[in-house]
Amino acid sequence: MAGSVRVTMTVNGAQQSAEVEPRLLLVHFLRETLGLTGTHVGCDTSNCGACTVHLNGEAIKSCTLLAAQADGAEITTIEGMGQEGALHPLQEAFWEHHGLQCGYCTPGMIMASADLLERNPKPNEEEVREALAGNLCRCTGYHNIVKAVLAASEAS
Amino acid sequence: MIPAEFDYVAPQSLDEALQALAQGGEDAKILAGGHSLIPLMKLRMSQPSLLVDLRQLQDLKSVNADNGQIRLGAMVTHHRVATGNFGLASAAAATIADQQVRNMGTIGGTLAHGDPASDMPAVLLALEGSVVIRGSSGEREVAANDLFEDFLTTAVGEGEILTEVRFPRLEGYGYGYEKFNRRQEDWAMVAVSALVKKAADGTCEDVRIGLTHMGSVPLRATAAEQALRGQPLTAESIASAASHAAEGTEPPADLNASQDYKRHLARVLTRRALTTASE
């Protein structure tokens with residue numbers, strides 16, 4: 001039993017293909033198979049949102065998805081959001097408004113925020129807080145994170 | 001946490017999926033969004049030998065809202081239900097867990113899982129909806145009332161697939177959804193679905209109340225419904241009806257809430273949901 005499955009997906013615009021165990025989680029495929037360690041494993045129970053990436057443009061928790069389920073999909077991780085010197089407006093805003101302390105939750109916060117701004121480009125504070133309900137930060141108390149998302153929505 | 005080993009297939013058609021399930025035997029499981037199943041597998045509380053992933057079955061992702069009847073393919077996500085303008089069902093789906101979970105979790109998955117703490121079972125019960133179940137010998141429609149048999153146990157049998165969810169639009173009904181939990185992502189300690197149809201003279205022509213997590217299956221608050229039907233929709237009559245909301249229930253107690261506290265929550269949330277539904 002438990003053979004392998006071939007998965008092929010587009011990750012940050014580049015096609016990736018690998019033979020994987022069916023039980024391999026997407027977050028481990030990204031971090032270990034592809035070396036994209038910007039996506040973090042936090043709680044590993046679909047609560048904390050540190051592992052948030054985009055699957056076909058929607059934010060999902062990659063610790064609760066098999067890599068096999070993402071076969072044929074387009075995945076975007078924090079590495080696909082911007083580069084040094086050309087940051088994504090959300091990355092700029094998190095920097096400018098100090099929307100982090102330790103930074104562990106930040107990739108997930110940015111990916112969840114990007115999903116919100118895609119659906120609702122001008123959210124109010126309550127909508128930002130609601131959209132980030134699935135992302136836990138144990139440092140900041142969320143105030144600067146919310147400020148950063150609101151600033152990014154105004155900048156775009 | 002890593003699940004135990006399993007085999008995986010993602011069939012292209014429903015017939016192929018049924019075939020794969022049949023070959024996989026009793027330890028084969030269907031994978032929809034995976035947001036109940038994969039956490040259980042990571043905890044090794046579920047160890048299927050084969051997962052049959054329905055993600056490629058486009059027919060199961062269709063939404064049809066013609067003729068006052070809403071028909072949702074089993075693979076329609078909570079996000080699509082939440083944003084689909086389906087009244088009570090949308091209001092409840094919008095409270096499920098968080099955005100990321102709603103982007104993956106599906107209406108068919110949550111109903112087939114049959115967790116009495118999850119939102120949609122009692123909603124479907126209050127809407128008097130149904131599901132379509134396909135097996136190797138054909139298709140059958142099962143009313144919500146007959147779907148939920150026990151804790152995590154539904155009428156979806158071995159080798160069968162829940163393919164569609166149906167419920168009436170219920171024009172002319174107001175609705176309210178009230179859920180109590182400690183954190184937004186949590187399951188409901190108790191939740192209440194209310195549907196109220198107001199007669200021309202302002203009295204209650206029809207009322208339906210669904211209770212979440214007040215038993216091992218979703219329940220209707222029939223005593224409260226009976227107390228309100230035909231009555232004027234005043235704050236007093238609603239409060240009086242809501243006081244019957246927990247009658248006859250044996251809610252499962254847990255770390256968050258004792259039986260008595262859950263019964264208290266059911267009464268308070270019923271009053272609030274009925275008030276919203278009557279506005």
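Hydrogens, waters and symmetry mates are skipped; everything else that's a heavy atom, side chains included, is used. Numbers restart at 1 for each chain; the letters A, B, ... are given by sequence-line order, proteins then strands.
Separating the CE atom in M104(B) from the CG atom in L65(A) is a distance of 4.5 Å, to the nearest 0.5 Å. Separation of atoms OG1 (T45(A)) and CG (L43(B)) is listed at 8.5 Å; rounding is to 0.5 Å.
Heavy atoms from other residues, nucleotides or ligands lying under 6.0 Å from CG of N56(A) number more than 12. The number of heavy atoms from other shown groups lying within 6.0 Å of CZ (R6(A)) is above 12. The environment of E16(B) atom CD is dense: over 12 non-hydrogen atoms of other residues, nucleotides or ligands sit within 6.0 angstrom. Environment of CD in E19(A): crowded, with over 12 heavy atoms of neighbouring residues, nucleotides or ligands closer than 6.0 Å. A 6.0 Å sphere centred on NZ of K61(B) holds more than 12 heavy atoms belonging to other residues, nucleotides or ligands. Within a 6.0 Å radius of CD in Q101(A), more than 12 heavy atoms belonging to other residues, nucleotides or ligands are found.
With hydrogens and angles disregarded, a donor-acceptor distance shorter than 3.5 Å links the side chain of D7(B) to the backbone of G3(A). A donor-acceptor pair under 3.5 Å is absent between the side-chain atoms of N103(B) and the main chain of I60(A), judged by distance alone.
Residue contact with chain A, scored on non-hydrogen atoms closer than 4.5 Å, is absent for L50(B). With a 4.5 angstrom heavy-atom cutoff, L132(A) does not touch chain B via any of its atoms. At a 4.5 Å heavy-atom cutoff, the contact between L25(A) and chain B is made by side-chain atoms alone. Using a 4.5 Å cut-off between heavy atoms, S46(A) touches chain B through backbone and side chain atoms alike. Residue contact with chain A, scored on non-hydrogen atoms closer than 4.5 Å, is absent for L37(B). Looking at A97(B), there are no atoms closer than 4.5 Å to chain A (heavy atoms on both sides), in backbone or side chain.
Between E130(A) and Q184(B), some side-chain heavy-atom pair lies under the 4.5 Å cut-off. L116(A) is not listed as a side-chain neighbour of Q99(B), based on a closest heavy-atom distance of 4.5 Å or more. At a threshold of 4.5 Å between non-hydrogen side-chain atoms, the residues E58(A) and T77(B) do not count as touching.
Listed options D71(A), L55(A), L24(A) were ranked by heavy-atom pairs under 4.5 angstrom with chain B; first place goes to D71(A). Of all the listed residues (C63(A), G72(A), A112(A), A131(A)), the one sharing the greatest number of non-hydrogen pairs under 4.5 Å with chain B is C63(A). Interface summary for chain B: among N47(A), V41(A), V5(A), the most heavy-atom pairs under 4.5 angstrom belong to N47(A).
In terms of heavy atoms, I38(B) sits closest to L66(A) at CD1-CG, 3.9 Å. Nearest approach of Y8(B) to A68(A), heavy atoms of both residues: OH-O, 3.4 Å. Heavy-atom minimum distance, E185(B) versus K61(A): OE2-NZ, 3.2 Å. Across all their heavy atoms, I2(B) and R23(A) have their closest contact at CG2-CD, 3.9 Å.
Residues Q100(B) and D115(A) bring no donor and acceptor atom of their side chains to less than 3.5 Å of each other.
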